[in-house]
Amino acid sequence: MADIPPKPWPTGEAEQVEPLVKRVLAPNPSPYTYTGTQTYVVGRSGGPDCAVIDPGPDEPDHLNAILDAVGDRTVLAIMCTHTHRDHSPAAAPLAQMSGAPVVGCAPLVIKSDLPRSDEAFDTTYAPDRVLEDGEQMRGTGWTLTAVATPGHTSNHLCFALEESGALFTGDHVMGWSTSVVIPPDGDMGDYLASLEKLMAREDTVYHSAHGAAITKPKQLVRGMIGHRRQRENQILRLLGEAARTVSDFIPEMYKGLDERLIPAAEMSVTAHLIDLEKRGLAALEGEVWKVN
Ligand SMILES: [Zn+2]
């Protein structure tokens, strides 16, 4: 995890990141959100219409900043990459204020009763239309294509801006840290497959929900795939030394970790272990993991 840069951050101020894209930073910095969630407004400045990607937390100041960035344009769609609480709760109030439909990822289907951080999910999210992989939303001079990228969450979508070659990557690939994969909804096998999916694309830049624009996308994604493989090898090596519980892995794998991030690290290790179990390489007995 990267350190958060010193203040001030451009919270509440729309930044023009490319001709068709404005970025608005929400006031929700934390160890999980970096300087905060970045909402994107897509469409020509002075044009008739736009879309809003990841409206963010339901904060009046942030909603006002989004509406300022929208200006006189009609919002044709409010699009969410996924339904973590730092991404989608502003969709409903923004829909009410703008009259726009909520279009994008599916509401979350909870797969099992395993312990998980329910508080991370926005259970109020109710889209007017769910986009499947490859489906598009169009406005004047802009086209956004949904790219299904499950892993960080099962419902995660990226959105490709066809006119510029940019990809809005939500939390799948971020500009500041590797993505957190929290089982059972988060799935490490799916996450790696979704990274490989991006490797097969020719996007020119990534705009993620947290952190700076990524101008060498393939280089970063290749590095992330390598990082996950390295983690997996580390886990297999530690399991080979001795059977152990999830928390036993943390001091070995995450030296000097901010203690607020220990639960996330444990979830990430669990995600790897579940993936290894699915592949027949690890087994769980009670709380103890061992090589299979
Ligand atoms: Zn997320």
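Every number for a ligand or one of its atoms is a count from 1 in the order of the listing. As the structure is a computational prediction, the values presented were derived from the model and not from experiment. Side-chain atoms are counted along with the backbone in the values below, which use heavy atoms only and exclude waters and symmetry mates.
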Any ring pair (Phe, Tyr, Trp, His ring centres under 6.0 Å) pairs touching residues 236-289, not counting sequence neighbours?
->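 Of all non-adjacent pairs touching residues 236-289, none passes ring pair (Phe, Tyr, Trp, His ring centres under 6.0 Å).
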
By the rule that ILVMFWY residues connect when side-chain heavy atoms come within less than 4.5 angstrom, directly or transitively, which residues belong alongside Val205?
-> none

Near the Zn ion (ligand 1), meaning under 2.8 Å, the protein N/O/S atoms are His82 NE2, His84 ND1, His152 NE2, Asp171 OD2

Arg138 atom CZ: more than 12 heavy-atom contacts under 6.0 Å |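 Counting neighbours around CZ of Arg138, 12 or fewer heavy atoms of other residues, nucleotides or ligands fall under 6.0 Å, so no.
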
Side chain to side chain donor-acceptor pair (under 3.5 Å): which pairs involve residues 48-61, sequence neighbours left out?
->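 Of all non-adjacent pairs touching residues 48-61, those that pass side chain to side chain donor-acceptor pair (under 3.5 Å) are Asp49-Thr140, Asp49-Trp142, Asp54-Thr81, Asp54-His87.
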
Atom NE2 of His210 and atom CD of Gln38: how far apart are they, to the nearest 0.5 Å?
->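 Output value for this atom pair is 8.0 Å.
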
Any chance you could measure His62, atom NE2, to Thr39, atom OG1, to the nearest 0.5 Å?
->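 With rounding to 0.5 Å, NE2 (His62) is 3.0 Å from OG1 (Thr39).
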
